[in-house]
Amino acid sequence: MQSESSKTGETGSTEDAAAAAVKGTAAPSLEQPAQLLAWFEANALDERGQRRMFIVPIVCRRSPEGARQAVIGSSEQALENAELAVSLDDSALGIALDDHLRQHCAEPSEPCRFWLSVHWGALMPGPSLPAEDKPVLAVRTFFSEAPEPEAPAEVYIQTSRKED
């Protein structure tokens, strides 16, 4: 059974996320973009063909017009390099990602850091997503606590937890 935060698609805590993450299944380093993207592709589905959840650190910035620039990572340098740039599909959230960002991020033009629980790829492929040449993450849970830019950030596979 999935954690409550995963089922609702709403705000959760990083403690819940960490408890649901499988120890020892960390992805390649964020400093190895090609390997990390290949790892996502290889691990997108579990052994039963079900889409896996990943816990990813995200840093993003919004333009005055509202456009979002997002990357997997936790530092402003990751945002500038944009090697791990992603599109965020928030169609599964009850509260839009932009609303979360307005509530949790100080200035739209300043980098904002947070954790997300995501599926690799769009929730439902279709014309509603912009035609961009970057991977899409389907956002299932927004975690308001941000990783520190100096702290090493990792990506994990999130699994279901059994009831005690």
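Residue numbers count from 1 along this sequence. Quantities reported herein were computed from a predicted structural model and do not represent experimental measurements.
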Hey, any chance [X] and [Y] share a hydrophobic cluster, counting ILVMFWY side chains that come within less than 4.5 Å of each other, even indirectly?
X      : Y      : answer
Leu37  : Leu30  : yes
Val136 : Val59  : no
Leu93  : Trp120 : yes
Val71  : Leu97  : no
Leu84  : Val86  : yes

Greater than 12 external heavy atoms within 6.0 Å of Gln32's CD: yes
More than 12 heavy atoms of other residues, nucleotides or ligands under 6.0 Å from CD of Glu31: yes or no?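 No.
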Considering all heavy atoms of both residues, which atom of [X] and which atom of [Y] are nearest to each other, and what is their separation?
X      : Y      : answer
Pro135 : Ala85  : CD-O, 3.4 Å
Gly73  : Ala78  : CA-CB, 4.4 Å
Ala138 : Arg51  : CB-NH2, 4.4 Å
Val118 : Leu116 : CG1-CB, 3.7 Å

Separation between [atom1] of [X] and [atom2] of [Y], rounded to the nearest 0.5 Å:
X      : Y      : atom1 : atom2 : answer
His119 : Leu45  : NE2   : CG    : 10.5 Å
Glu41  : Leu36  : CD    : CG    : 11.0 Å
Leu123 : Asp90  : CG    : CG    : 10.5 Å
Phe143 : His100 : CZ    : NE2   : 11.0 Å
Leu101 : Ile58  : CG    : CD1   : 10.5 Å
Phe54  : Leu137 : CZ    : CG    : 9.5 Å

Keeping to residues at least two apart or across chains, list the disulfide bond (SG atoms under 2.5 Å apart) pairs with something in residues 27-64. none
Got a sec, which residues hit salt bridge (charged side-chain N to carboxylate O under 4.0 Å, His left out) with Glu65, two or more places apart in sequence or on another chain? none
Under 3.5 Å, side chain of [X] to main-chain N/O of [Y], donor-acceptor pair present?
X      : Y      : result
Arg68  : Leu88  : yes
Asn43  : Trp39  : yes
Asp89  : Ala122 : no
Arg62  : Ala67  : no
Glu110 : Arg61  : no

Look at the aromatic rings of Phe114 and Phe142 and report parallel, tilted or perpendicular, splitting at 30° and 60°.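 Geometry flag for Phe142 against Phe114: tilted rings.
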Check ion pair Arg52-Glu47 (N to O, under 4.0 angstrom): yes
Before accepting this row, confirm whether a basic side-chain N of the pair Glu83/Lys134 lies closer than 4.0 Å to the acidic partner's carboxylate O. no
